[in-house]
Every structure is written in C-alpha cells, then in structure tokens.
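Please read through the structure below; I'll follow up with questions.
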Amino acid sequence: MLELSFIKENKDKVLEGLERRCYPAETTQIIDQILDLNEQRKSLQAFVDVKKSEINKLSGQIGQLFKSGEADKANALKEDVAKVKEEIGGKESQLSETSEQLTLLLYKIPNVPHPSVVKGQSDEDNEVHIPHKGDLPVLGEDAKPHWELAKQYNLFDLELGVKITGAGFPLYRGKGAKLERALINYFLDEASKRGYEEIIPPLLVNEASGIGTGSLPDKEGQMYYVEKDDLYLIPTAEVPVTNIYRGDILDEAQLPIKLTGYTPCFRREAGSYGAHVRGLNRVHQFNKVEIVRFEKPENSYAALEEMLKHVTDLLEALGLPFRVLRLCGGDLTFASALTYDFEVYSAAQKRWLEVSSVSNFETFQSNRMKTRYKDANKKKQLVHTLNGSALALARIVACILENNQTAEGITVPEVLRPYTKFDIID
RNA sequence: GGAAGAGUGGCAGAGCUGGUUUAAUGCACUGGUCUUGAAAACCAGCGUACGGCAACGUACCGGGGGUUCGAAUCCCUCCUCUUCCGCCA
C-alpha cells in the first residue's frame, strides 16, 4: 500500500505509474477520492478530538464534585456532557467509516513502478534484461517432453495425484523424489552460503499475514482457504517469512535481514488447462526455495542486483539455458516496483518457462505491515522488502529432464550429484 | 477436547472494591554533571498512531463490542498463554 503522504506529494508520479501499468482510467479517480477522503477524515478527527476533550474535562470535574459531596452540581454537569455528546452525534462513527474506506481505497492502488520499468500491456512488452548466451539447445527428433520422460523413468505420477487428491497435485517417487530433495537442499545450501538465515515457517497463515504481503484482500481466490479455522494455505514462503517482522520497529543495526525458506506452495489458479500447462508446467502444489530481504531504502536496489546474480549463478551451475526479463508495467505484480523474471528454455517443448521472479517492493509491503526501523537520527522509516524464488522446483525439474535426456538416460547436473548420490536417471 | 488461572509500555511488575493512574516503581536504554578514563552516584529524558507551525489534543493496558457523566478497573464475546486432565506424531 502506498503511503498517503507520498500520494499527496507525488500525485503526478502515482498517476504516471498507473499509466505505465496500463491501468484503466477509473483508477485515476480513486487517487482523487483518496485525497478527498483524507481531508474529510482530518476535519472529522479534529472535531471529534475537541469534543472528546471537553467531555474528558467535564467528567473530571464531575468526579471532583462527587468527592466533595456536591452531587447537585455534578448532576448539572452531566447534562452538559449530554449536550456535547449530541454535538458529536454521528461524527465519531463517520470518522471510523471514513478511515476504513480510505484504507480500502489505498489497497486498490498498485505500487509505483521503478523509473526503468517500461510502459506495457502484457508479457509481450517485457524487455530482455539479460539475453540467453549462445545458441539454444536443439534436441533430436525423438526428444520427449518431461511428462513422457517421467512416465518412462517412473519419476512422478500425476494420475496418482488425481486419485489421492485431484488434478495438479503431483506425486514424486524414486529418483524423481530424490532429485526434488536434492534440488531443495542444493538451493538452501547456496542461500546459506550467501548469508541467508534458514527458516521453516508455518504453511498456513492467518488473514493479517495475507494482508501484510498483499495476498489479501482481492486475491482470496488464488489461495486455498480453510474455513473452519479461518486460515489460508500459503501460495509462497514469502507470506509467512515476510510477516515475521510485521508491526516491528527494527534497529538499524539489524539490517539487512536475509532469510531463506523451503516450503511447498499451494495455488488454486483456476486457469486454463491444455497442452501448454501439461505435466509440471502448472500445478496446484509445488516446492520452492524463497529468499526474502529487509533492506534500508538506499541499499535495496543493490540488494536486488545481488539476488539477480544469485539466481543467475544457480541456473548457470545447473547448466540450464535461461534469460532474464525486466517486466513491463502491465506485467508487474501489484506490490512490485521492479521485477526480474527468469525463464528457462525447455528444449523439448521449445518454449521458455518462468522459473523465478525477483522483486523489490520498496515500502509497499512494509507500509501494510508497518515494518519500520530507526535510522541514525532515530527517525522511524519504513524498510524496503524484496523477495525472489531461488528457485521454484517443478519447472526446473521439467527442464532438467527435457534438456539432459540422452539415449542412456537423463544426466544429473554435476552440482546435484553430491545430493542425489547418482549421476544418471535410467 | 475438558477444568482452572492469566494477558498492562523494551523487560519485570503495581493498579483491577470504576473518578489527580494525565498507567506507580524497578531494570534496561539515551543525554548531562562529576572523573585522566570508566564505574558508581546524581539530574533529565525515555511507547505507538492520528491531528496541529506549535503549545497541545485524541486514541491505545490481548482483539472486538457494551454499561457509565467517566473503564486498565464492571459486563459480553473472541483470541492467546500457563497449569492440571484427556488424546496424540
């Protein structure tokens, strides 16, 4: 959520940001509504505060009078209080309604994109930030997509997942399960090497946590919801991990805070089904290692570059052909100011698959969560939050299987062998 | 799941027979005095949010609601924690 003070002082920037996101014109009007409501709120509060102050004073006097036995005078004052209350009338409830409305409207305004983000409608307008190096791999005519390879080598089973749960819940087995576990451990170890503290968070979160990171309100439909306990299954470790510091005022010395966590991720994503979402390309449950950072504002973009390098290193080590995109305004997620998407090329499917997304949210999440720090002058400031996948597993597995297939079997990337304890899947 | 008790400012902890509590006191923390320096001692400051140039005002004693002229204090409700019992990886 944007800060009210920022909207007030930088209305043009906010509008220009909406423009680059290709937001509909109605959203522009919300900005004016917000500013109007805020003025209303301010005058309401000033009024109510003064009246309450009067009541407080009178009540104090009544107390004194009762003590000194002057009940008559006290009772007379009670009538004065009643008058003041009448003056307040519905203003107090108006005040709280106005504040609530204001918050709801603020929730509707997305983050202002970083100046480097280009205007664009959809993923077709994304810019290539780091192009793929060298030629794209070409496989033989008989190359198979990962869902066929999985069947051939008995690595994961989507039909069994259907039997046990439903569509989109893969069951990994044998070397498929071991490969999955190897990747998780490898990614966690690499994050640890770079100074991230490992976290195992709860997989269900409450409403406040969902609001903190921006998964709520509005996006309820994308999360699994346990009605009986009013809890949500996490769509990413970002939600529980970022909310660790919800409502906290940190010490400057604590920053930066670097956290990593492996969790399964649950996404309802009632989207389309078809050839392009076959196999592991899109599932309701997948595994992911997430990295999360809390930074001082002046350091957050350097941190983003570090994260970019981190993910780049992982993909290079795995030997997967990839490119990095800088998302255009229209493809940027609601809370993000700048996002880099990583896409891995699937040689068998002959298409790019998104495997990671690294974003700087600046103060958008921290303003919702009220996560601040005291700077050198002891002034409270919102921190910047960042996060990224390092990495999301399902599609990485798909690409490893497809790109590394040989007549003898699927070769395991060198860096994973200490974890898998086998070199080839055959 | 059942029973009992409890949730107060960074921590500890009073207040909880409703009215100088505008939340005592201690510790921690910050600044100052003293000192060669430090410690000790002493003095002062020391929560968050909103409004206001400011003085200051308002709200917050787990969350929400209620009673009252007035609520940390009484009532209702939800949440959490502790102890005991039950169940259980």
Side-chain angles (χ1 to χ4, degrees), chain A residues 1-9 34-107 200 202-212 216-217 225-232 240 243-255 257 264 363 366-383:
Chain A
M1 155 168 92
L2 292 176
E3 291 167 88
L4 247 175
S5 56
F6 181 85
I7 298 179
K8 222 159 118 185
E9 288 156 30
I34 286 172
L35 295 175
D36 285 351
L37 268 181
N38 190 39
E39 290 309 312
Q40 278 180 45
R41 196 201 94 243
K42 274 168 35 176
S43 63
L44 278 170
Q45 190 180 354
F47 180 84
V48 171
D49 280 1
V50 169
K51 292 299 167 193
K52 281 198 166 176
S53 173
E54 285 175 29
I55 293 176
N56 285 345
K57 273 194 199 111
L58 289 170
S59 295
Q61 287 170 26
I62 292 173
Q64 295 291 341
L65 290 170
F66 273 123
K67 258 191 182 169
S68 56
E70 298 171 88
D72 294 351
K73 282 186 183 173
N75 285 320
L77 280 184
K78 279 192 192 180
E79 283 174 32
D80 289 353
V81 173
K83 275 184 211 156
V84 179
K85 282 198 162 177
E86 218 168 285
E87 287 178 55
I88 293 182
K91 291 271 170 60
E92 200 172 3
S93 56
Q94 256 183 60
L95 174 62
S96 56
E97 275 166 34
T98 307
S99 302
E100 271 172 45
Q101 268 183 46
L102 192 57
T103 307
L104 286 178
L105 286 181
L106 280 169
Y107 281 159
I200 300 180
L203 303 182
L204 283 86
V205 294
N206 57 29
E207 188 187 24
S209 295
I211 288 174
L216 292 171
Y225 175 56
V226 183
E227 194 168 6
K228 201 167 181 185
D229 298 290
D230 196 20
L231 295 171
Y232 297 85
N243 273 283
I244 290 173
Y245 294 102
R246 168 155 47 85
D248 286 1
I249 298 176
L250 303 164
D251 219 51
E252 188 176 18
Q254 284 177 266
L255 299 173
I257 293 170
T363 60
S366 60
N367 189 35
R368 280 195 174 198
M369 293 197 300
K370 297 288 175 265
T371 302
R372 289 159 295 173
Y373 77 100
K374 278 190 181 160
D375 65 17
N377 305 317
K378 307 221 167 164
K379 270 190 70 178
K380 285 177 285 291
Q381 276 201 60
L382 292 168
V383 300

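To find a chain, count down the sequence lines: A is the first, B the second, and so on, and within it residues start at 1. None of these values were measured; they are calculated from a predicted model.
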Query raised in the report: Say you pick atom C1' in B:rG2 and the same atom in B:rC87; how far apart are they, in whole Å?
Result: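 The answer is 11 Å between these two C1' atoms.
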Show me the side-chain donor-acceptor pairs of residues 48-55 of chain A shorter than 3.5 Å, one per line, residues at least two apart or across chains.
| unit_1 | atom_1 | unit_2 | atom_2 | d |
| --- | --- | --- | --- | --- |
| A:Lys51 | NZ | A:Glu87 | OE1 | 2.6 |
| A:Lys52 | NZ | A:Glu92 | OE2 | 2.6 |

Report task. Please list, chain by chain and in numerical order, all residues satisfying side-chain contact (heavy atoms from CB on, under 4.5 Å) with A:Leu231, sequence neighbours excluded. Result ->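 Checked A:Leu231 against side-chain contact (heavy atoms from CB on, under 4.5 Å); matches are A:Leu204, A:Asn206, A:Asp229.
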Query raised in the report: Of A:Val50 and A:Lys85, whose nearest nucleotide on RNA chain B comes first from the 5' end?
Result: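 Between the two, 5'-proximity favours A:Val50.
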Query - Residues which pass salt bridge (charged side-chain N to carboxylate O under 4.0 Å, His left out) with A:Lys42, listed by chain and number, not counting sequence neighbours - result: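 If we apply the salt bridge (charged side-chain N to carboxylate O under 4.0 Å, His left out) test to A:Lys42, skipping adjacent residues, the hits are A:Glu39.
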Requested in this report: State, without any angle test, whether A:Arg246 and A:Ser209 hold a side-chain donor-acceptor pair at a distance under 3.5 Å.
Outcome: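 Yes, side-chain donor-acceptor contact under 3.5 Å.
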Requested in this report: Give a yes or no on this: more than 12 heavy atoms of other residues, nucleotides or ligands lie within 6.0 Å of atom NZ of A:Lys374.
Outcome: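 At most 12 heavy atoms, drawn from other residues, nucleotides or ligands, come within 6.0 Å of this atom.
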Query raised in the report: Which whole number of Å gives the distance between the C1' atom of B:rG37 and that of B:rU33?
Result: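 Pairwise C1' distance, B:rG37 against B:rU33, rounds to 16 Å.
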Query - Length of the NZ-P vector between A:Lys51 and B:rA59, whole Å - result: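 Rounded to whole Å, this separation is 15 Å.
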Requested in this report: Could you go through the side-chain contact (heavy atoms from CB on, under 4.5 Å) check for A:Leu44 and A:Arg41 one step at a time?
Outcome: CA-CA 5 Å; A:Leu44 278 170; A:Arg41 196 201 94 243; 5.8 Å; no
Query raised in the report: What interatomic distance, in whole Å, is found between C1' of B:rG57 and the corresponding atom of B:rA6?
Result: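 Taking atom C1' in both B:rA6 and B:rG57, they lie 35 Å apart.
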Report task. Mind checking salt bridge (charged side-chain N to carboxylate O under 4.0 Å, His left out) for A:Lys73 and listing every partner two or more places apart, or none if nothing turns up? Result ->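 Here the qualifying residues are A:Glu70.
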Query - Separation of the C1' atoms in B:rA23 and B:rC75, to the nearest angstrom - result: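 To the nearest whole Å, 23 Å.
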Query - side-chain contact (heavy atoms from CB on, under 4.5 Å) partners for A:Ile244, two or more places apart - result: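 For A:Ile244, the residues satisfying side-chain contact (heavy atoms from CB on, under 4.5 Å) (neighbours in sequence not counted) are A:Ile199, A:Val241, A:Leu259.
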Requested in this report: Can you run through RNA chain B from 5' to 3' and write each base as (, ), [, ], | or . depending on how it pairs? Watson-Crick or G-U wobble, both distances under 3.5 Å.
Outcome: ((((((((.[[[..)...(.....]]].(((((.......))))).(((((....))))).[[[[[..)....]]]]])))))))....
Report task. Determine whether the side chains of A:Tyr373 and A:Asp248 contain a donor N or O and an acceptor N or O closer than 3.5 Å. Result ->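 There is no such pair (donor and acceptor under 3.5 Å, judged by atom type) between the side chains of A:Tyr373 and A:Asp248.
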Query - Sugar-phosphate or base contact per nucleotide [nucleotides 44-51 of chain B; S, B, -; heavy atom under 4.0 Å] - result: ----SSBS
Report task. Output yes when a side-chain donor or acceptor of A:Ser366 lies under 3.5 Å from a complementary backbone atom of A:Val383, and no otherwise. Result ->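 Judged by distance alone, yes, a pair lies under 3.5 Å.
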Requested in this report: Report yes if at least one side-chain N or O of A:Asn56 is closer than 4.0 Å to OP1 or OP2 of B:rC69; otherwise report no.
Outcome: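 It does not, given that no N or O in the side chain of A:Asn56 lies less than 4.0 Å from OP1 or OP2 of B:rC69.
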Requested in this report: Using the salt bridge (charged side-chain N to carboxylate O under 4.0 Å, His left out) rule, collect all pairs that involve residues 55-64 of chain A, keeping only residues at least two apart or in two chains.
Outcome: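 Qualifying pairs, neighbours excluded: none.
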**Report entry** Rounded distance (Å) that lies between atom C1' of B:rC69 and atom CG of A:Asn75
**Finding:**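 After rounding, the gap between these two atoms is 9 Å.
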Interface polar pairs with nucleotides 17-21 of chain B, N/O, under 3.5 angstrom:
| unit_1 | atom_1 | unit_2 | atom_2 | d |
| --- | --- | --- | --- | --- |
| B:rG19 | N2 | A:Ser59 | O | 2.9 |

Query - Residues in side-chain contact (heavy atoms from CB on, under 4.5 Å) contact with A:Glu9, at least two apart in sequence or another chain - result: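 Partners of A:Glu9 under the side-chain contact (heavy atoms from CB on, under 4.5 Å) test: A:Ser5.
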**Report entry** Separation of the C1' atoms in B:rA40 and B:rC34, to the nearest angstrom
**Finding:**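 Approximately 11 Å lies between the C1' atom of B:rA40 and that of B:rC34.
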Requested in this report: Let me know the distance between NZ of A:Lys78 and P of B:rG70, rounded to the nearest Å.
Outcome: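 Rounded to whole Å, this separation is 9 Å.
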Query - Backbone of A:Ile211 reached by a side-chain donor or acceptor of A:Arg368 within 3.5 Å - result: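 Flag set: sc A:Arg368 to bb A:Ile211 pair under 3.5 Å.
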**Report entry** Nucleotide-resolved protein contact map, nucleotides 71-81 of chain B, B/S/- at heavy-atom distance under 4.0 Å
**Finding:** -----------
Requested in this report: Whole angstrom is fine here: how far is it from CD1 in A:Ile55 over to C1' in B:rC69?
Outcome: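 That distance rounds to 9 Å.
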Query raised in the report: What interatomic distance, in whole Å, is found between P of B:rG47 and the corresponding atom of B:rC84?
Result: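 Per the computed distance, 39 Å lies between those P atoms.
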Requested in this report: Rounded to the nearest angstrom, tell me the gap between atom CZ in A:Phe47 and atom P in B:rA59.
Outcome: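 Taking atom P of B:rA59 as the reference, CZ of A:Phe47 is at 15 Å.
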Query raised in the report: What distance, rounded to whole Å, do you find between the two C1' atoms, one in B:rU73 and one in B:rG18?
Result: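 Looking at atom C1' only, B:rU73 and B:rG18 are 6 Å apart.
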Report task. For A:Ile88 and B:rU58, give me the distance from atom CD1 to atom P, rounded to whole Å. Result ->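 That distance rounds to 12 Å.
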**Report entry** Sequence-distant partners of A:Glu3, salt bridge (charged side-chain N to carboxylate O under 4.0 Å, His left out), two or more places apart
**Finding:**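 If we apply the salt bridge (charged side-chain N to carboxylate O under 4.0 Å, His left out) test to A:Glu3, skipping adjacent residues, there are no hits.
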Query raised in the report: Is the side chain of A:Thr371 donor-acceptor paired with the backbone N or O of A:Tyr245 at a distance under 3.5 Å, no angle test?
Result: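 Looks like yes, one N/O pair under 3.5 Å.
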Query raised in the report: Rounded to whole angstroms, how far apart are NZ on A:Lys91 and C1' on B:rU58?
Result: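 Atom NZ in A:Lys91 sits about 16 Å away from atom C1' in B:rU58.
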Query raised in the report: Taking atom P of B:rG70 as reference, at what distance in whole Å does atom CG of A:Asp80 sit?
Result: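 Distance, rounded to whole Å: 13 Å.
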Query raised in the report: Using the P atom in both, what is the distance from B:rC74 to B:rC16, to the nearest Å?
Result: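 These two P atoms come out 10 Å apart once rounded.
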